[in-house]
There are 4 protein chains.
Amino acid sequence: MTSRQVLRSEETKKSILAAASELFSNRGYDAVTMRDIARLAGCSHTTIYIYFKDKEDLLHQLSMPPVQYLIGKIEEIMIQSLLPDDKLKKMSLMIIEFCLTNRSLYGVFINTKSERVDEKNPKLEINLARNQLFEKLTLIIQECLENRLRDEQLLMYTRIYFFTLYGIIATYAPSEETVKQLMDRLTPTFEASFDVMLSGLRKRADEAS
Amino acid sequence: MTSRQVLRSEETKKSILAAASELFSNRGYDAVTMRDIARLAGCSHTTIYIYFKDKEDLLHQLSMPPVQYLIGKIEEIMIQSLLPDDKLKKMSLMIIEFCLTNRSLYGVFINTKSERVDEKNPKLEINLARNQLFEKLTLIIQECLENRLRDEQLLMYTRIYFFTLYGIIATYAPSEETVKQLMDRLTPTFEASFDVMLSGLRKRADEAS
Amino acid sequence: MTSRQVLRSEETKKSILAAASELFSNRGYDAVTMRDIARLAGCSHTTIYIYFKDKEDLLHQLSMPPVQYLIGKIEEIMIQSLLPDDKLKKMSLMIIEFCLTNRSLYGVFINTKSERVDEKNPKLEINLARNQLFEKLTLIIQECLENRLRDEQLLMYTRIYFFTLYGIIATYAPSEETVKQLMDRLTPTFEASFDVMLSGLRKRADEAS
Amino acid sequence: MTSRQVLRSEETKKSILAAASELFSNRGYDAVTMRDIARLAGCSHTTIYIYFKDKEDLLHQLSMPPVQYLIGKIEEIMIQSLLPDDKLKKMSLMIIEFCLTNRSLYGVFINTKSERVDEKNPKLEINLARNQLFEKLTLIIQECLENRLRDEQLLMYTRIYFFTLYGIIATYAPSEETVKQLMDRLTPTFEASFDVMLSGLRKRADEAS
DNA sequence: TATGAATGAGAGTTCATTCAT
DNA sequence: GATGAATGAACTCTCATTCAT
């Protein structure tokens, strides 16, 4: 195989992934057909089967890279010199935007039959990523609350914060508005949510100590 | 029509509803076929069409009664002589328990393509019910915050509270634990969540006024 | 069986026939369901099977009486003291109106796989009736042309006249207008058609003799 | 795509069209199922959907080409140097032969729920074709009657002529004889019909002027 | 590598008909 | 005699997937 061929082959695979990503996001996994993907990718639907075992495999291969990207971004925020509260807000908005951007995938990302959001020992790679994210969230929340929390408290608080975050995502994921529309319209509401959470958590932490 | 026939007819309908409920819960509406339901209900798939116009009608008939029941229960709480905070907590726990009990339907209940959770003018009866619930929530939150809120503030605060509630539900709905197990294990966490939310909302309301 | 029961039984059968007749006429045999018929007849769909072997049997039992009625009417006209031309016109209009009234049945009436419209030796009773009609038509046409025609000529002329008649019926049978609307609107056209045909036939008969 | 593939594809499509044509002709559109067609065509029923959007599309693709062919032939006749009467006869015979050749489709061609045979503003392409034919008929009839007719007269006369033509077609379409047999046996009758019509129309036109 | 052709399984739904009462 | 309950066969159409080139 010449390097030209390799190149072309890789391009085809990329275009399939791009097409699938867009379609899954906009219409949901079930509503998208292999032919839809092929049409948008500019190839035959049979070509998809050269690169991917089946439709599900396509979904799986599709879900990892964006998550990795998100984690990278989150790590960048972690080392920025910002107030903890601002870090948490920035990170939260980023997670929301990410999940709404990858709407159909957010389900895969957040929800793959994991009994508890804090569960270690994940079965799928995707759970690994989710847990990484949960850890980062824990870290920042600890920072925000000035590291006064015991482990079990911290876990609970992170869970509580996570509920709200997940609630936001789950509320707007089925919407048919674009991510931009949603974020433009709702960012103030989201930020208010974070404020409320942080205030509440602080109050409780103060009372507990 | 003899009473025996009536009885048999009612039993068939019930068994169809039971089968549909179970299957929708476990696999989701789309993934379940009419033939699946019939098989589990122990009848021919055509029999379903005697009792239900189509698949969607089955879903609707399935989802309305429990929701009506919930609303009744909530209304009972509303008129009890309790502290506003306790009413809100009781009501919240009840909604969570209800949604986890009717797992597959909670999606229908909360999520039927409604652009906004606060939207008026609903197209389906199910939306009506959801909006009723949202209104009750609004009322109690206003009470909790001593009626100091302007409308737009109140709306935002209710939404924020709703996010957390929905987040809890969405987090544990996919779990395979029984409702009882989940409630026993997590009620303290849920109550902590409500506390945190209320504290946070109060703080913000104080600052705003 | 008491006479009261017999009476009631006959009424049920009649109401089924009436309902079927109306529905077949308006919507066509295939588009009508047994339940449609039962609903209009005011009985259960299973009751139909007491009186009729199946749907087709219903159609057959349905098609004979109106045809008999038509033939009776035609015979009345035959013995009236009218000019032959007027008889022919009256009879023609009557046939058209009849066929449009019994739209779905006219097909059965005129068209049951009969190779030739003049064929003797019919397989079905319905063909018998049609042939009777054809004979009457032949008689009047002979009258109109002053009995000058030889048999083979007469046959051809009747056929030709029949084509026009049948063409009219076949043209307007699929229409969704009511019979009354059609007859009101088109009677002049129909009468002109008869005139044209008669003139033409006379001219040709004159030349031949 | 290799030429072998193209060839095979075309053959499949042809075999589907052939099968559909035969079945529609013999049993009528509604009574034929996609699986019937597939069985006769020697392919899977899903294959049909590769070449045709749905059942109706199949019917349409089936009916258009022959109609176009007929119109072409008619136009050829229009410009030949023949006596008007001979043109009309030739054209009429051609239409009859065409309709009998495409028996099942003649219904589609002539009868697609068109309120009036002279209606302008057609919804389907097939109606367009039929109207074209009606216009040509009108033109020649005007010629035959030496252009003496007013529009409304001409319209009525064309309709009358059309009735006869349609009556002939409708009479012999259900026959199981071959087209050749029918034409051989009946052409004299058909020609006599045209003569009668023309004589009659002329007589009436004379009297009216 | 890539693709058009082709398919089997299966979806929701309808309907004439039979069964049990 | 009459009916509600129930069903099997069949309908059109879709889709993920495989085959042959």
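The figures here come from the full heavy-atom set of this structure, side chains too, leaving out hydrogens, waters and symmetry mates. Every chain is numbered from 1, with letters handed out A, B, ... down the list of sequences.
- Computed from coordinates, the D:Lys14 NZ to E:dA5 P distance equals 15 Å when rounded to whole Å.
- Between C:Glu10 atom CD and F:dG1 atom C1' the separation is 14 Å, expressed in whole Å.
- The backbone N or O of B:Leu59 lies less than 3.5 Å from a partner atom in the side chain of B:Ser63, making a donor-acceptor pair.
- Note: CG (B:Leu58) to C1' (E:dG12) measures 13 Å, nearest angstrom.
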Across nucleotides 15-21 of chain E, 5' to 3', mark each nucleotide with B, S or - according to how protein heavy atoms within less than 4.0 Å reach it. BBBB--S
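- Rounding to whole angstrom units, CG of residue B:Leu23 and P of E:dG12 are separated by 12 Å.
- Listed by first and then second residue, the ring-ring contact (aromatic ring centres under 6.0 Å, His included) pairs that reach into residues 28-50 of chain D are D:Phe24-D:Tyr29, sequence neighbours excluded.
- Between A:Arg39 atom CZ and F:dA16 atom C1' there is a gap of 15 Å when expressed in whole angstrom units.
- Look at C:Thr47 and you'll find a side-chain N or O under 4.0 angstrom from OP1 or OP2 of F:dT3.
- The two atoms that bring B:Asn102 and B:Pro66 nearest to each other are OD1-CB, 3.9 Å, heavy atoms only.
- With sequence neighbours left out, the side-chain contact (heavy atoms from CB on, under 4.5 Å) criterion links A:Arg39 to A:Arg35, A:Asp36.
- Taking atom CZ on C:Phe52 and atom P on F:dG1, their separation rounds to 14 Å, with Å as the unit.
- By the 4.5 Å heavy-atom criterion applied to side chains, A:Leu58 and A:Leu17 are counted as neighbours.
- Between B:Tyr51 and F:dA6, a side-chain N or O to OP1/OP2 separation shorter than 4.0 Å is present.
- B:Lys55 is linked by a side chain to side chain donor-acceptor pair (under 3.5 Å) to nothing, counting only residues two or more places apart in sequence or in another chain.
- Looking at residues two or more places apart in sequence or on another chain, you find a side-chain contact (heavy atoms from CB on, under 4.5 Å) between C:Ala19 and C:Ile37, C:Leu40, C:Ala41.
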Under 3.5 Å for both distances, Watson-Crick or G-U wobble, that's the pair rule; now give the dot-bracket for DNA chain F, with | marking pairs to another strand and [ ] for crossing ones. .||||||||||||||||||||
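- No hydrogens or angles considered: nothing links the side chains of D:Gln61 and D:Lys53 as a donor-acceptor pair under 3.5 Å.
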